[in-house]
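Before any comments, here is the structure.
Proteins get letters first, then strands, A, B, ... in listed order; numbering begins at 1 in each.
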Amino acid sequence: MAHGRLANSGPASNSDSTATILHADLDAFYASVEQLLDPSLRDRPIAVGGGVVLAASYEARSFGVSAGMPGWRARQLCPGLTFVGGHFREYQRLGDEVIEILGAFTPVVERISIDEAFLDVAGAVHLFGPPATIAAAIRGRVRGEVGLPLSVGVARTKHLAKVASQVAKPDGIVVVPPGAEHAFLEHLPVGLLWGVGRVRQAQLAGAGIHTIGQLAAVDGSVLDNLVGKGAGGKLGALAGNIDPRRVEAPRAASSIGAQAALGRRQATTGLLHSTLGYLADRVAGRLRASGRAARTVTVRVRFPGLRSVTRSVTVRPAISETLTLTERAVELAGTALAQHRGEREITLLAVSVSNLVEPACQLELPLRSGASRARSKAAVGASRWLVDRSMDGVRAKFGRAAVGYATVVFSDMDRVPEAFRELAQHDPRSSE
DNA sequence: TCTGGGGTCCTAGGACCC
DNA sequence: TCTGGGGTCCTAGGACCC
């Protein structure tokens, strides 16, 4: 690193310009947990996953193996690679333990995924010392009590703290003292900025922009033309270190979805019904558990070659009934497929709901005389909702498999471990 | 032989309203 | 007769994040 590791930020002042934002990020989390659980895997190139690499140990990364890579490609790059199945419940448990340790230093913790969180330690320096000292103490406790390597970035803003923790990896601390921000960022690659992925990195590289310093020097309108207006403004602010976001409590999710990879399959009516039924069942269940209903339903159909289309519909009243969601999803998938008749096979189906609202009172059953179509529709909705609620209750006691709609119970969609689906939801509120 | 599951945010065009 | 401007909502797609 051009700027090395700034292990010391000097004595902390109590002024507003002190860097008190920490970003704590577990290193190669899934892979590190596997190496923790099975000592024979330590110091060896391993990957969690199978068809796709979910996480790679640093030993594997040195061969070029990285998360998201197809399994066959990873084996090509690293012939000695060991694949491990994945202990998803352990990931959740150990991730929670780490977050608990963070909470011992400050209540201002914003968990943003299973393995990383922001902290603002402004109110904790009197108890625990300067931020750099707190960062070191956190790392020590996580290493000692949980057994996992954690990297920490310390800076004045969240975004900068996150960049710093990436620079600190593996297993390090980087402190960016106030005033040193521009020097710190100048020679770092643009890809370290939040919001710069493969595509934008390539766009920027095409314009000769490789470092954050170069990006900060670019005129705003030029940047807008390069990567689009919204992204351009954001990137400019980030590169120029104007980033006022605070550490905050997690919000409720604004969408809920589920998907299932199918391999290559003929899009038969039977496949559509069973798969969409299964997915709608998962989504609607979580929707009801959150006490909300959805106005917008979206279905995604993916074809070979990762080409995908989405179809969505916005309805009123909002829905949370499994069968109603299934019907909308089947209709949408039908529309999408009718518009892509050339496609013989599909590789994935996804159902998601958004536009989430507080449900209207579900128990008003308009069952009096002369049921109009609207009224009978409402009655169907209400009775479906009651059936769903009683199934939710049974499942809460006896597990998902205890009861369900026939197409769902008999579908073969549980190839993906339930624990992985639960983990992927990573709803930060669930582990308070 | 391009793969897993779960999300967020942004854009652009069109419908529709005043 | 069809011109102005502004706003909201909806749909489809895409980049990005873990």
### Query
For His273(A), does the NE2 atom sit with more than 12 other heavy atoms under 6.0 Å from it, leaving out its own atoms?
no

### Message
Taking atom CZ as the centre, does Arg44(A) end up with more than 12 heavy-atom neighbours from other residues, nucleotides or ligands that are less than 6.0 angstrom away?
### Response
yes

Atom-pair distance ([atom1] on [X]; [atom2] on [N]), nearest Å:
| X | N | atom1 | atom2 | result |
| --- | --- | --- | --- | --- |
| Glu116(A) | dT8(B) | CD | P | 15 Å |
| Leu348(A) | dT3(B) | CG | C1' | 10 Å |
| Asn355(A) | dC9(C) | CG | C1' | 9 Å |
| Arg300(A) | dG6(B) | CZ | P | 11 Å |
| Arg421(A) | dG4(B) | CZ | P | 11 Å |
| Arg245(A) | dT8(B) | CZ | P | 15 Å |
| Arg75(A) | dT3(B) | CZ | C1' | 12 Å |
| Arg73(A) | dT3(B) | CZ | C1' | 14 Å |

### Query
Which letters describe nucleotides 10-18 of chain B, given B = protein heavy atom under 4.0 Å from base, S = only from sugar-phosphate, - = neither?
SS-------

### Task
For the pair Glu34(A) and Tyr91(A), evaluate side-chain hydrogen bond (donor to acceptor under 3.5 Å, both in side chains) and give the outcome as yes or no after the intermediate values.
CA-CA 9 Å; Glu34(A) 296 301 332; Tyr91(A) 304 159; 2.5 Å; yes

### Task
Write out all pairs satisfying salt bridge (Lys or Arg N to Asp or Glu O under 4.0 Å) with one or both partners inside residues 79-88 of chain A, taking only residues at least two apart or from two chains.
none

### Query
Charged N to carboxylate O below 4.0 Å: is that the case for Arg384(A) and Glu327(A)?
yes

### Within residues 254-272 of chain A, residues whose heavy atoms come under 4.0 Å of DNA chain B
Ser254(A), Ser255(A), Ile256(A), Gly257(A), Ala258(A), Gln259(A), Ala260(A), Ala261(A), Arg264(A)

### Task
Counting Watson-Crick and G-U wobble pairs whose two distances are both under 3.5 Å, find the runs of 3 or more in a row that involve DNA chain C.
B:5-18 with C:5-18

## Note on the structure
Residue set satisfying side-chain hydrogen bond (donor to acceptor under 3.5 Å, both in side chains) with Glu345(A), at least two apart, ordered chain then number -> Arg264(A)

### Query
Taking the side chain from Thr296(A) and the backbone from Thr314(A), do they hold a donor-acceptor pair closer than 3.5 Å?
no

## Note on the structure
Per side chain to side chain contact (heavy atoms under 4.5 Å, CB included), Leu332(A) is matched among Val297(A), Thr310(A), Thr298(A) by Val297(A)

### Task
Would you jot down, in residue-number order, the residues of residues 302-311 of chain A having a non-hydrogen atom under 4.0 Å from DNA chain C?
Val309(A), Thr310(A), Arg311(A)

